[in-house]
Amino acid sequence: GAVVSQHPSRVICKSGTSVKIECRSLDFQATTMFWYRQFPKQSLMLMATSNEGSKATYEQGVEKDKFLINHASLTLSTLTVTSAHPEDSSFYICSAKRTSGGASYEQYFGPGTRLTVT
Amino acid sequence: AQSVSQHNHHVILSEAASLELGCNYSYGGTVNLFWYVQYPGQHLQLLLKYFSGDPLVKGIKGFEAEFIKSKFSFNLRKPSVQWSDTAEYFCAVSPRTGRRALTFGSGTRLQVQP
């Protein structure tokens, strides 16, 4: 149990276009999901906290108008990178916390999405 | 704000050698502590966690970690590594309250040579 999926796993897009990444909790409900960004050979940096039914909470320095987050249901959060630029190329990882059951501190991670902007 | 530092960026060991990866954190309140592992091509998996109680915690695959409050440390250990332990290891902390978002260390790449 506690499986998190991401789609797509890889995406290549042209500069100026928008890309949507989905994060789904497959066998549990998640009120809270987190979006991270991982640069090559670096750690995960928290971008934002996605809350079902309310606005996301963005970390300092993360442009909320560029990285749009929608958490429309208890099993799905989406991250849309708008007007993508080459510097947005990165590995985006989501995680989800169970709404009920299990340890409240435990996050389950998705496999990540490799975004390349050309 | 909390921060996590991992002292070893790249560690190369031979099989059966002992492992210790350092992790120190800074935070003004009480925290939960974690070690995550990322095997090549796979997603992050929880290796072990410390929430409260016995500061020596045991995780999967023979790993353990000791929380030393006075040193703000949570070092990961394994007495005898295997080739299959080759992976990236991340130490992480989260506050006990609030969003409980994770702050990760920079990671340590462990390479175990057969």
Side-chain angles (χ1 to χ4, degrees), chain A residues 1-7 9-10 23-26 30-52 54-62 69 71 77 91-99 102-114, chain B residues 1-11 21 23-25 27 29-53 57 59-60 74 87-111:
Chain A
V3 178
V4 176
S5 70
Q6 282 184 240
H7 178 79
S9 57
R10 290 177 181 270
C23 177
R24 291 181 186 274
S25 55
L26 297 185
T31 306
T32 303
M33 292 183 173
F34 300 92
W35 285 96
Y36 297 86
R37 184 172 177 175
Q38 186 178 27
F39 290 101
K41 299 185 179 180
Q42 293 188 33
S43 186
L44 285 77
M45 300 297 294
L46 179 66
M47 297 176 65
T49 304
S50 172
N51 305 296
E52 188 269 336
S54 64
K55 291 183 179 180
T57 304
Y58 290 82
E59 296 301 300
Q60 194 172 9
V62 178
I69 291 173
H71 195 152
S77 174
F91 196 55
Y92 292 87
I93 302 173
C94 73
S95 70
K97 285 173 60 176
R98 284 181 184 271
T99 299
S104 61
Y105 53 77
E106 190 153 359
Q107 296 181 29
Y108 302 93
F109 285 82
T113 296
R114 172 80 57 196
Chain B
Q2 61 223 38
S3 66
V4 180
S5 63
Q6 290 182 241
H7 317 300
N8 318 98
H9 297 293
H10 190 190
V11 173
L21 302 181
C23 173
N24 285 89
Y25 70 94
Y27 181 64
T30 51
V31 295
N32 296 325
L33 297 153
F34 308 82
W35 275 97
Y36 283 88
V37 61
Q38 189 172 30
Y39 296 104
Q42 297 188 29
H43 59 275
L44 277 169
Q45 300 173 42
L46 182 64
L47 201 55
L48 49 78
K49 59 192 178 288
Y50 173 77
F51 191 61
S52 63
V57 292
I60 60 173
F74 190 55
E88 188 94 21
Y89 293 82
F90 295 95
C91 181
V93 302
S94 74
R96 290 269 180 95
T97 57
R99 293 183 295 132
R100 301 180 184 178
L102 289 167
T103 298
F104 284 86
S106 55
T108 297
R109 183 175 298 277
L110 172 65
Q111 186 178 344

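Order of the sequence lines fixes the chain letters, A, B, ..., with proteins taken first and strands second; residue numbering starts at 1 for each chain.
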J.: Identify which part of B:Gln38 has an atom lying under 4.5 Å from any heavy atom of chain A, answering side chain, backbone, both or neither.
T.: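 Side chain of B:Gln38 only, per the 4.5 Å heavy-atom cut-off to chain A.
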
J.: If the plane angle is over 60° it's perpendicular, under 30° parallel, otherwise tilted; pick one for B:Tyr50 and B:Phe74.
T.: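 Tilted: the ring planes of B:Tyr50 and B:Phe74 meet at 30° to 60°.
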
J.: Flag the one option from B:Gly105, B:Gly41, B:Gly107 with the top tally of heavy-atom pairs under 4.5 Å to chain A.
T.: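 Option with the top pair count is B:Gly105.
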
J.: Taking all non-hydrogen atoms of both residues into account, name the closest pair between B:Phe90 and B:Ser106 and its distance.
T.: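 Distance-wise, the nearest heavy atoms are CE2-O, 3.9 Å.
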
J.: Kindly indicate whether the side chain of B:Val37, heavy atoms from C-beta on, has any atom under 4.5 Å from the side chain of B:Gln42.
T.: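 A side-chain contact is absent here, since even the closest heavy-atom pair is not under 4.5 Å.
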
J.: With a 4.5 angstrom heavy-atom cut-off, could you sort out which part of A:Gln6 is near chain B: side chain, backbone, both or neither?
T.: neither

J.: So how far is it from B:Leu33 CG to B:Cys91 SG, rounded to the nearest 0.5 Å?
T.: 6.5 Å

J.: Among the options B:Gln6, B:Gln45, B:His43, pick out the one with the most heavy-atom pairs lying under 4.5 Å from chain A.
T.: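 The answer is B:His43.
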
